Asks: 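First the structure, then my questions, so here it is.
Along the sequence shown, residues are numbered consecutively beginning with 1. Note that ligands are numbered from 1 as they come in the structure, with each ligand's atoms numbered from 1 the same way. Here the structure is a predicted model, which is why all the values come from computation and not from measurement.
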Amino acid sequence: MTLIDRAAGPTDDMPVPFLDLRAVHARTRPSLDDAWGAVLAHGQYVGGPEVARFEAEFAAYCGARHAVGVGNGTDALELIVRGLGIGPGDEVVVPANTFVATAEGVCAAGATPRFVDVDPDTLLLDPDAAAAAIGPSTAAIIAVHLFGAVAPMEPLAALAARHGLALVEDAAQAHGARYDGRRAGSLGRAAAFSFYPGKNLGALGDGGAVVTDDGDLAERVRGLADHGRRRGDRDHHDRVGRNSRLDTLQAALLSVRLGSLDAENAARRHVLAHYRERLPASCRPVDVDPRVEPVVHLAVVRIPDRPALIAALTAAGIGWGVHYRVPCHLQPAFAGSTGAPPRLPVAEEAAGRILSLPCSPTLGEDRVERVCDVVRSVS
Ligand SMILES: *Cc1c(COP(=O)(O)O)cnc(C)c1O
């Protein structure tokens, strides 16, 4: 960038954060203050009325019958697996390209993740690879809706039905995304959501939810997440459970945040559309299945020379990320869980070329254009 370019306008020197949560929350500050004030005043910091209210609102938003608030998205995954009666000796099919939490939830329940490759265009779970991994110990498939898209649920549901397996959604990156018009969270046996601050629906701390149409499963998850208690009975613990509840305060804040989710998702889609139109041919956003209306949790592109682009973005004060640099099957944490790591060439190749560009809902076109300028300068 030349000195003349730098003088062109006030936005040129402004850094472009990867995700600007303070700017997001500034827009609803008075409502967040009110929600916090109400919880502070009534004093039921665990299990207060805001939890049941948010659970009902979020279940309705997803088009499902039940939502159970839990401590975080990783716990939501573990509690679903345990709630389905899956544990030691069972295998769960998991895509190699996901955040490690998907596999951690399986391991925490005592089951074994079986990593499989992803589709080369969408980088989401490949139904043929999933089919090839099914064996006598397979109990479930976890479809991960990565980057704000939705995994190919129709072929995966057919596969799961054919083999009598549970199809679980990891929807931690897909609040509000749709597949054939239906929302993530209503597409499988149960779905795990995370409300980590940086997710599309983020709390101001940790939080998560299990969403399902299955009332018995919802009750089992609720009991497991509350020390194995019987519902409405503080004295009897039927199972050894966990303490993994959604805080009242986070639930109150999440109700406020849910009110802006659709508008923020639309803004994220707008950012991605701009990238698709303006980025050079050497820097292509990852494809989205036409059956999917994504919510663009991450604007992931594939590029030939990642180090050069990272250097240019960093020099220009533009935030970036890599999701994920090491596929799960190559993580030391999971070495030995299923013997030698399989070769999963699509996930391995993609891990070396992907880069996530800023897609904050508050970004604005001038900043998106600035990111495109920097990408073009190294292409
Ligand atoms: C964030 C995330 C999780 C875990 O959620 P936490 O609330 O951080 O425990 C699980 N799966 C995916 C795909 C995620 O992005």
Side-chain angles (χ1 to χ4, degrees), residues 18-19 21 54 58 67-82 92-109 113 115-116 118 122-125 140-151 153 156 167-177 184-185 187-188 190-211 221 225 242-247 250-251 253-254 257 265 268 286 292 294-300 321-329 331 333-334 347 350-351 354 356 359:
F18 184 68
L19 174 61
L21 285 178
F54 173 70
F58 192 61
V68 180
V70 298
N72 56 67
T74 313
D75 285 2
L77 287 157
E78 175 197 337
L79 291 162
I80 290 171
V81 175
R82 286 183 68 181
V92 177
V93 173
V94 171
N97 180 36
T98 182
F99 182 52
V100 290
T102 314
E104 281 179 318
V106 173
C107 295
F115 296 111
V116 304
V118 292
T122 64
L123 302 183
L124 302 176
L125 181 57
I141 299 171
I142 303 185
V144 183
H145 305 327
L146 213 58
F147 310 148
V150 179
M153 293 305 280
L156 290 171
L167 177 59
V168 174
E169 300 173 77
D170 179 341
Q173 301 190 3
H175 316 74
L187 302 167
F193 284 89
S194 164
F195 306 123
Y196 177 79
K199 308 294 187 185
N200 290 43
L201 179 60
L204 275 69
D206 279 309
V210 171
V211 171
V221 166
R242 295 273 320 275
N243 175 1
S244 182
R245 298 171 298 223
L246 181 64
D247 291 342
Q250 298 305 340
L253 299 169
L254 282 164
R257 297 276 302 116
N265 285 343
R268 289 168 176 273
V286 166
V292 172
V295 292
V296 195
H297 175 61
L298 295 167
V300 178
V322 179
H323 304 89
Y324 296 91
R325 214 179 266 272
V326 181
C328 286
H329 66 295
Q331 292 288 358
F334 304 117
I354 47 177
S356 308
C359 69

Asks: Step through it carefully: locate the ring centre of His323, locate the ring centre of Phe147, and say whether they are under 6.0 Å apart.
Replies: no
Asks: Restricting to salt bridge (charged side-chain N to carboxylate O under 4.0 Å, His left out), what partner residues turn up for Arg245, sequence neighbours left out?
Replies: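 Listed in chain order: Asp226.
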Asks: What are the two closest non-hydrogen atoms of Val150 and Leu124, and how far apart are they?
Replies: O-CD1, 3.5 Å
Asks: Is ligand 1 less than 4.0 angstrom away from at least one heavy atom of Lys199?
Replies: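 Under 4.0 Å: yes for Lys199.
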Asks: Looking at Ala347 and Pro327, what are the two nearest heavy atoms and their distance?
Replies: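 Reported closest heavy-atom pair: O-CG, 4.0 Å.
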Asks: Is the closest heavy-atom distance from Asp170 to ligand 1 below 4.0 Å?
Replies: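 True for this residue.
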Asks: Please list, in number order, the atoms of ligand 1 under 4.0 Å from a heavy atom of Thr98.
Replies: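 Near Thr98, the atoms of ligand 1 are 13 (C).
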Asks: Which donor-acceptor pairs under 3.5 Å do side chains of residues 196-205 form with protein atoms, sequence neighbours excluded?
Replies:
| residue | atom | partner | partner atom | Å |
| --- | --- | --- | --- | --- |
| Asn200 | OD1 | His297 | ND1 | 2.8 |
| Asn200 | ND2 | Asn265 | OD1 | 2.9 |
| Asn200 | ND2 | Val295 | O | 2.9 |

Asks: Considering distance alone, does some N or O of Ser194 sit under 3.5 Å from an N or O of ligand 1?
Replies: yes
Asks: Can you list the ligand 1 atoms lying under 4.0 Å from a non-hydrogen atom of Gly73?
Replies: 5 (O), 6 (P), 7 (O), 9 (O)
Asks: Is there a polar contact, in the sense of an N or O pair closer than 3.5 Å, between Thr74 and ligand 1?
Replies: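 By distance alone, the answer is yes.
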Asks: To the nearest 0.5 Å, what is the distance between CD (Glu78) and CZ (Arg242)?
Replies: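 Going from CD on Glu78 over to CZ on Arg242, the span is 4.5 Å.
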Asks: Output the list of atoms in ligand 1 that are nearer than 4.0 Å to some heavy atom of Ala101, sorted by atom number.
Replies: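 Near Ala101, meaning under 4.0 Å from one of its heavy atoms, ligand 1 has 3 (C), 4 (C), 10 (C).
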Asks: Under 4.0 Å from a heavy atom of Asn72: which atoms of ligand 1 are those, numbered in the order shown and with their elements?
Replies: 7 (O), 9 (O)
